[in-house]
There are 2 protein chains.
Amino acid sequence: MKVLSKASVYGLRALLYIVSKKDKSEYVSIREMSEELSISFHFLTKILQSLTQRGLLESYRGPNGGIALKLPAEEIFLIDVVKILEGENFFDSCLLGLPGCGEFEPCPVHDFWKVTKAALQDEFATTSLAELGTKISENRLRLSG
Amino acid sequence: MKVLSKASVYGLRALLYIVSKKDKSEYVSIREMSEELSISFHFLTKILQSLTQRGLLESYRGPNGGIALKLPAEEIFLIDVVKILEGENFFDSCLLGLPGCGEFEPCPVHDFWKVTKAALQDEFATTSLAELGTKISENRLRLSG
DNA sequence: TATATTTAAGACAAACTTGTCCCAAAATAA
DNA sequence: TTATTTTGGGACAAGTTTGTCTTAAATATA
Ligand code: SF4
Ligand code: SF4
């Protein structure tokens, strides 16, 4: 069961890499991240572009350029990243994918899934990059998967 | 968030269609199901072939042939179908996909996900085709999605 | 200005899922 | 036997996600 796409996972790992950097005043280069995290540079670039366009990151071109968080890591939550990279309706999903829901009575797993989904959304809405960052060592981010 | 693949959903809808048939002694033709459920005939054929090969269904070729459940609908559970069509390790999934789990301490969402995953597995393990079938009208199965 | 660095953006390719097509094999019926 | 029906199984095509490559735009430095 794949919950997040590669794009989301790569995006998250890059964000955590930025958080792990001590010097918050400097931009972190995408090239550096792609090499340290073993992620395709161009793919990562596009992922981070999406986050930049949606206001989660700030980018700067030229020598010593790169990207930086636009908010403190304490104020960026998993849900913010996921909603951008997976789509706004990521949490509107159906468990069985049977057609006609809403028009007729729900299937037996609907109530279960409604609760599970809400819990998942809440977990994502309350887990910040800062919280993730404190538990995930820099070494670990570098592993290939 | 997509939980099940098209293959799983199509497979489930076909099984529920079979369950909805009153006469349990007859084979249900794949052609009929594909037309009634608006699913590609050949795609559905391959999906059902997997279920047949894994012993969940019985097939019979020739005129009046088709497929039939090998067990009563009360004894076939969602988890049986999903494990065949999505793979045995469907429930072994990781939420964030960060590398190095097991070697290092788990990430902050790990405990939450462990519980959620177990609940999902339990829900699938205890929901039978019969239970699904009683709640899902035949009309509803025919909607395209 | 000229050059190097770095993100932005789009075209293109590889891999995976989904869907289509063709023919073989098994069973029925005439 | 011959024709028909139906599943079995492989090759192939379309669509999506993932990954690669090339060029443009912005910035810094000399
Ligand atoms: S009732 Fe809910 S969980 Fe069940 S198929 Fe419909 S939307 Fe999905
Ligand atoms: S700790 Fe658990 S949930 Fe977190 S990344 Fe690792 S396996 Fe996934």
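Lettering of chains follows the sequences in order, A, B, ..., and the numbering in each one begins at 1.
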Open item on the list: Base, sugar-phosphate or nothing for B:Y27? Non-hydrogen atoms, less than 4.0 Å.
Closed with: nothing
Task: Any donor-acceptor N/O pair under 3.5 Å between D:dT20 base and A:K46 side chain - done: yes
Task: Parallel, tilted or perpendicular, as decided by the 30° and 60° cut-offs, for the rings of A:Y27 and A:Y60 - done: parallel
Task: Phosphate contact (C:dT5 OP1 or OP2) by A:S29 side-chain N/O below 4.0 Å - done: no
Task: Side-chain donor/acceptor of B:H42 to base of D:dT7, under 3.5 Å - done: no
Task: side-chain N/O B:K2 vs D:dT16 OP1/OP2, d < 4.0 Å - done: no
Task: Parallel, tilted or perpendicular: rings of A:F124 and A:F91 (30°, 60°) - done: perpendicular
Open item on the list: Can you see if the side chain of B:Q49 gets near the phosphate of D:dG9 - specifically, an N or O under 4.0 Å from OP1 or OP2?
Closed with: yes
Open item on the list: For A:T45 and A:P63, find the nucleotide of DNA chain C closest to each by heavy atoms; which residue's nucleotide sits nearer the 5' end?
Closed with: A:P63
Task: Atom pair SG (B:C107) and CD (A:E131), whose distance is rounded to the nearest 0.5 Å - done: 9.5 Å
Open item on the list: Classify B:S40 by what it touches in the nucleic acid, base, sugar-phosphate, or nothing, heavy-atom distance under 4.0 Å.
Closed with: base
Open item on the list: Can you see if the side chain of A:Y10 gets near the phosphate of D:dG19 - specifically, an N or O under 4.0 Å from OP1 or OP2?
Closed with: yes
Open item on the list: Would you say B:S59 places a side-chain N or O within less than 4.0 Å of OP1 or OP2 belonging to D:dG8?
Closed with: yes
Task: Residue B:F41, side-chain atoms from C-beta onward, closest of C:dA27, C:dT7, D:dT7 - done: D:dT7
Open item on the list: I want to confirm an ordering. Mapping B:V28 and A:I39 to their closest nucleotides on DNA chain D, which one lands closer to the 5' end?
Closed with: B:V28
- [ ] Using a 4.0 Å heavy-atom cut-off across all strands, classify A:Q53 as base, sugar-phosphate, or nothing.
- [x] sugar-phosphate
